[in-house]
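Reading through the structure tokens given below for one structure.
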Amino acid sequence: MPELPEVETIVRGLAPRLRGRRIESIWWSDQPLHLRRPVDLAGLRAVTRGHAITGVRRIGKFILVDVDGSADRGALIHLGMTGRLRVEAASAARARHTHVAFRLDGGDELRFVDARRFGWVEPGRPFAASRALVHLGPDPLTALDARALEAALAGVRAPIKAFLMDQRRIAGLGNIYVAEALFRAGIHPAAKAGRTRGRAARLLAGIQEALAGGIARRGTTLRDYVDADGRSGENAAALLVYWRAGEPCSRCGARIKRRVDAGRATFFCPGCQRR
């Protein structure tokens with residue numbers, strides 16, 4: 001699933017291409033998306049049709065396409081596991097698995113393509129009232145400091161990995177960057193979250209360093225992810241523990257281990273991340 005760096009990379013690629021463009025019409029494939037829910041086509045048309053795009057931004061793993069006319073309104077997009085957003089000529093054939101297309105002035109379309117249909121597109125009217133956004137935790141790059149993280153960790157008995165993956169706790173993190181952040185902080189992924197309070201500053205620094213590196217290298221492509229230009233990300237080669245089971249740790253030389261927690265692969269160094 002695209003995480004914060006991948007979503008941020010896509011937003012940065014789309015913003016200059018979409019800003020100022022007017023949405024003329026919206027098309028839907030009639031295929032349900034996330035949780036087999038139909039796209040609210042009437043709602044999308046009511047909010048965006050005839051309006052100019054004023055910006056593209058990110059909250060956690062969500063993409064918000066803002067439009068003019070009134071504050072905090074537009075299209076809310078989540079990429080799910082395989083979702084992609086591309087700006088292409090309206091005259092070009094739509095790729096297989098294209099499910100939503102916003103026709104733009106100038107002859108282009110913003111197309112949402114999702115083979116597995118775990119993503120979704122919905123109207124934000126306003127975004128602040130969206131059920132998808134209202135319970136999100138703070139963004140780790142823009143709205144979280146060490147003191148707030150320390151307070152959030154207090155008394156939490158869940159493993160620190162589960163804590164960091166919970167979007168209600170911190171928005172935008174996923175399996176890849178949680179593994180990388182915990183390695184940087186020297187924290188075992190199964191450690192009880194509450195017991196890591198004293199290392200909150202180190203943990204936050206690890207989170208931000210892992211995310212910043214992912215953004216600088218335009219995201220991590222292990223299988224499906226591509227940016228707004230259709231290019232793979234370059235961060236996979238820079239991963240320190242994720243997807244490196246059996247390889248020597250770059251710090252201590254111990255073999256990176258893999259385990260499964262709650263159905264998700266966990267990668268860590270038994271030498272640097274002692275429980």
Check: residues 150-160 side-chain donor-acceptor pairs under 3.5 Å, at least two apart:
none

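- A side chain to side chain donor-acceptor pair (under 3.5 Å) check over residues 252-264, counting only residues at least two apart or in different chains, returns the pairs R259-D261, D261-T266.
- Shown here is R37, whose CZ atom has more than 12 heavy atoms of other residues, nucleotides or ligands within 6.0 Å.
- Atom-to-atom distance recorded for H99:NE2 and L33:CG is 6.0 Å, nearest 0.5 angstrom.
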Run the ring-ring contact (aromatic ring centres under 6.0 Å, His included) check on F112 and W28 step by step: do they pass? CA-CA 10 Å; F112 175 74; W28 170 44; over 10 Å; no
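- Salt bridge annotation for D139-R58: present, with a cationic side-chain nitrogen under 4.0 angstrom from a carboxylate oxygen.
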What pairs of donor and acceptor atoms, side-chain ones from residues 70-77 against any protein atom, are under 3.5 angstrom apart with sequence neighbours left out?
unit_1	atom_1	unit_2	atom_2	d
S70	OG	R73	NE	3.1
D72	OD2	F127	N	3.2
D72	OD2	A128	N	2.8

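- Both V11 and I23 are assigned to one and the same hydrophobic cluster, defined by single-linkage of ILVMFWY side chains at heavy-atom distances under 4.5 Å.
- Hydrophobic cluster of L35: no remaining members, since no ILVMFWY side chain lies below 4.5 Å from it.
- A salt bridge is absent between R147 and D145: the closest approach of a Lys/Arg side-chain nitrogen to an acidic carboxylate oxygen does not fall below 4.0 angstrom.
- To the nearest 0.5 Å, atom OG1 of residue T82 and atom CE of residue M1 are 9.5 Å apart.
- The pair D108-R21 meets the salt-bridge criterion, since a charged nitrogen lies less than 4.0 angstrom from a carboxylate oxygen.
- With sequence neighbours excluded, no residue satisfies salt bridge (Lys or Arg N to Asp or Glu O under 4.0 Å) with E24.
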Please list, one pair per line, the donor and acceptor atoms closer than 3.5 Å that link side chains of residues 39-47 to other protein atoms, with sequence neighbours excluded.
unit_1	atom_1	unit_2	atom_2	d
D40	OD1	G43	N	2.8
D40	OD2	R125	NH2	3.0
R45	NH2	I26	O	3.2

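- No hydrogens or angles considered: nothing links the side chains of E3 and Y225 as a donor-acceptor pair under 3.5 Å.
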